[in-house]
Amino acid sequence: MVPGVKISPSILYADFLHLEDQVAQVLSAGCEYVHMDILDGKFAADISFGPRIVAALAPMIHRAGAGVDVHLMIEEPERYVPRFVIAGADIVTIHVEASKDVQGTLKAIRIHGARAGLAVRMKTPLLSIQAALPLTDLVLVLAADPGEGAQAFPDSCLARVRRIRELLDGMNSMAELEAEGGITAGNALAAAEAGAGVLVAGDSVFKTGTPIAEAVHILRDAAEKIPSKAS
């Protein structure tokens with residue numbers, strides 16, 4: 001049993017023609033966060049959306065008691081931190097590979113009133129994030145290159161989750177550990193057991209063919225090893 005796993009659906013995979021309704025459905029299912037992947041077409045392979053979408057959705061997310069989980073997959077994220085915090089971000093996560101001043105940017109996120117997150121690509125050595133870990137409120141392990149979906153969260157990423165969990169525990173950090181990229185009901189428990197307390201899910205929430213709320217419940221039950229009602 002892995003109690004207390006949080007679900008953060010990525011709206012990048014939602015139906016943008018019905019975005020408000022789909023976000024309302026994940027909130028009604030009890031999701032703790034709504035994940036917003038911001039891609040710039042440079043650091044990331046695609047372009048998504050910016051602060052205006054965050055600002056449009058943040059009030060309903062906050063009314064539901066959930067958090068706005070903004071993941072900046074952009075070059076020089078320090079330029080945009082104030083705009084996303086003003087738009088309503090509760091967490092702003094930057095990439096260690098993208099910022100010219102990682103520690104300074106993490107400090108700036110906190111100064112502006114949000115929680116500071118640090119993300120690392122799958123192929124980036126974990127040594128690159130160790131010095132900044134004391135400044136983080138969240139660490140995100142990405143299973144695919146920014147902007148590219150993963151087929152499944154691989155074993156190599158599970159090992160990275162375990163190692164970061166060890167590092168955070170070793171410094172008595174209260175930072176959350178988040179996993180993103182190919183998270184499904186089939187691997188959610190493995191990610192949670194490795195130490196991920198927050199699971200970012202896209203296709204497995206919005207594109208399963210089942211109602212969104214049901215998909216969320218299936219994912220959470222799998223992550224917390226709760227037997228299905230059908231069993």
Side-chain angles (χ1 to χ4, degrees), residues 6-13 32-50 54 67-81 84-85 89-110 112 114-150 153-154 156-165 167-168 173-183 191 194-202:
K6 297 179 181 178
I7 307 297
S8 186
S10 172
I11 65 168
L12 191 62
Y13 298 85
E32 290 81 3
Y33 297 126
V34 175
H35 194 83
M36 303 193 184
D37 286 310
I38 313 299
L39 298 84
D40 64 358
K42 294 181 180 180
F43 179 74
D46 204 348
I47 297 173
S48 58
F49 51 87
V54 176
V68 178
D69 180 13
V70 171
H71 176 194
L72 298 183
M73 290 185 273
I74 63 177
E75 292 184 354
E76 298 181 49
E78 51 271 14
R79 297 180 298 157
Y80 295 95
V81 165
F84 280 100
V85 177
D90 298 294
I91 304 167
V92 177
T93 297
I94 65 167
H95 268 265
V96 67
E97 307 91 351
S99 177
K100 293 181 177 179
D101 180 7
V102 171
Q103 295 190 40
T105 305
L106 293 172
K107 291 177 183 177
I109 293 169
R110 287 177 163 183
H112 282 89
R115 296 169 62 204
L118 184 61
V120 58
R121 283 174 163 171
M122 186 165 67
K123 295 181 180 180
T124 299
L126 293 184
L127 184 63
S128 66
I129 68 170
Q130 284 188 239
L133 287 180
L135 296 170
T136 61
D137 300 296
L138 179 144
V139 180
L140 169 58
V141 179
L142 201 63
D145 282 336
E148 297 181 3
F153 200 78
S156 58
C157 277
L158 292 175
R160 287 165 74 79
V161 170
R162 292 189 194 96
R163 178 55 183 154
I164 295 173
R165 182 74 273 160
L167 292 171
L168 293 173
S173 172
M174 298 300 293
E176 294 188 282
L177 184 49
E178 187 172 62
E180 177 178 2
I183 295 292
V198 183
L199 303 179
V200 177

Using the rule given for side-chain contact (heavy atoms from CB on, under 4.5 Å), can you reason through Ile129 versus Ile164, listing the C-alpha separation, both sets of side-chain angles and the distance that settles it, and then say yes or no? CA-CA 10 Å; Ile129 68 170; Ile164 295 173; 4.1 Å; yes
Start with the C-alpha gap between Tyr33 and Val68, add the side-chain angles, then the distance that decides, and say whether side-chain contact (heavy atoms from CB on, under 4.5 Å) holds. CA-CA 6 Å; Tyr33 297 126; Val68 178; over 6 Å; no
Starting from the C-alpha separation in whole Å, work towards a yes-or-no answer on salt bridge (Lys or Arg N to Asp or Glu O under 4.0 Å) for Lys100 and Glu78. CA-CA 8 Å; Lys100 293 181 177 179; Glu78 51 271 14; over 6 Å; no
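Side-chain atoms of Glu32 come within 3.5 Å of backbone atoms of Ile7 as a donor-acceptor pair (strictly under, hydrogens ignored). Using a distance-only test at 3.5 Å, with no hydrogens or angles considered, a donor-acceptor pair links the side chain of Arg160 to the main chain of Arg121. Side chain of Thr124 to main chain of Val120: no donor-acceptor pair is present (N/O by atom type, distance under 3.5 Å, no hydrogens or angles).
Judged as a side-chain contact (heavy atoms from CB on, under 4.5 Å), and not counting sequence neighbours, the contacts of Ala179 are Phe153, Ile183, Ala196, Leu199. Evaluation of the salt bridge (Lys or Arg N to Asp or Glu O under 4.0 Å) rule for Glu97 yields no partner, not counting sequence neighbours.
Taken from NZ in Lys107 to NE2 in His112, the straight-line distance is 15.0 Å, to the nearest 0.5 Å. How far CG of Leu12 is from CG of Leu39: 6.0 Å, rounded to the nearest 0.5 Å. Separating the CG atom in Asp69 from the CG atom in Asp90 is a distance of 9.0 Å, to the nearest 0.5 Å. Between the CD atom in Glu75 and the CG atom in Asp40 there is a gap of 5.5 Å [rounded to 0.5 Å].
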Which side-chain N or O atoms in residues 132-142 pair as donor and acceptor under 3.5 Å with protein atoms at least two apart or in another chain?
{"from": "Thr136", "atom 1": "OG1", "to": "Leu133", "atom 2": "O", "distance (Å)": "2.7"}
{"from": "Asp137", "atom 1": "OD1", "to": "Arg110", "atom 2": "NH2", "distance (Å)": "3.1"}
{"from": "Asp137", "atom 1": "OD2", "to": "Arg110", "atom 2": "NE", "distance (Å)": "3.1"}
{"from": "Asp137", "atom 1": "OD2", "to": "Ala116", "atom 2": "N", "distance (Å)": "2.8"}

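At least one side-chain heavy atom of Met122 sits less than 4.5 Å from a side-chain heavy atom of Ser156. Taking the side chain as every heavy atom from C-beta outward, Val92 and Leu72 approach each other to under 4.5 Å. Between Val54 and Val70 there is a side-chain heavy-atom pair separated by less than 4.5 Å.
Listed here is the closest heavy atom pair of Cys157 and Ala143: SG-CA, 3.6 Å. Between Ile74 and Ala98, the shortest heavy-atom contact is O-CB, 3.2 Å. In terms of heavy-atom proximity, Thr105 sits nearest to Asp101 at OG1-O, 2.7 Å. Heavy atoms only, all atoms of each residue included: Ser48 and Ile38 are closest at OG-CA, 3.4 Å. Contact record, Arg165 with Ala175: NH2-O, 3.8 Å, taken as the closest heavy-atom pair. Among all heavy-atom pairs drawn from Val102 and Ile94, the shortest one is O-CD1, 4.0 Å.
Counting only N and O atoms by type, the side chains of Ser10 and Asp37 include a donor and acceptor under 3.5 Å apart. For the residue pair Glu178/His71, the side-chain donor-acceptor check at 3.5 Å is not satisfied.
The aromatic rings of His95 and Phe43 are tilted relative to each other, their planes meeting at an angle between 30° and 60°.
Considering His35, Met36, Glu176 as possible partners of Ser8, the one that fulfils the side chain to side chain contact (heavy atoms under 4.5 Å, CB included) test is His35.
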